[in-house]
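One structure is given below, encoded as structure tokens.
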Amino acid sequence: MKVHIDQFDDASKKQLLKAVANHGRAAGLEAAAAILIEMADAHTRFVGTNTIKDVARAFSDKAANLREQADDAIKRLQQI
């Protein structure tokens, strides 16, 4: 993926940095969700599994939303 930004286009640079950061946040949330799901599956007697799975789903949803926003921002920047 290649994005061209004019040298003095600070607004586009900030958008690109935010989009890349959101990709990182999404990856972190996805990792957290995977860990919670594994924990709930492995310790069904001691952990409120439904609660943990709900939290994991919320992480996954948030990650998907962040990733979508980041992808949209990057696509807009690619068209400049």
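These numbers come from the heavy atoms of this one structure, side chains and all, not from hydrogens, waters or symmetry mates.
To the nearest 0.5 Å, atoms CZ (Arg67) and CG (Leu29) are separated by 9.5 Å. Separating the CD1 atom in Ile52 from the CZ atom in Arg57 is a distance of 11.5 Å, to the nearest 0.5 Å. Here the straight-line distance linking atom OG of Ser60 with atom CG of Leu36 works out to 9.5 Å at 0.5 Å rounding. Separating the CZ atom in Arg76 from the CG atom in Leu16 is a distance of 11.5 Å, to the nearest 0.5 Å. Between Glu68 atom CD and Asn22 atom CG the span is 12.0 Å, to the nearest 0.5 Å. Ser12 contributes atom OG, which lies 11.0 Å from atom CG of Leu17 (distance to the nearest 0.5 angstrom).
Across every non-hydrogen atom of Ala19 and Ala73, the tightest pair is CB-CB, 3.8 Å.
The only member of Asp10, Ile74, Val20, Leu77 that meets side-chain contact (heavy atoms from CB on, under 4.5 Å) when paired with Gln15 is Leu77.
For Lys62, the NZ atom is loosely surrounded, since the number of other residues' heavy atoms within 6.0 Å does not exceed 12.
Without hydrogens or angle criteria, Lys13 side chain to Gln7 main chain gives a donor-acceptor distance under 3.5 Å.
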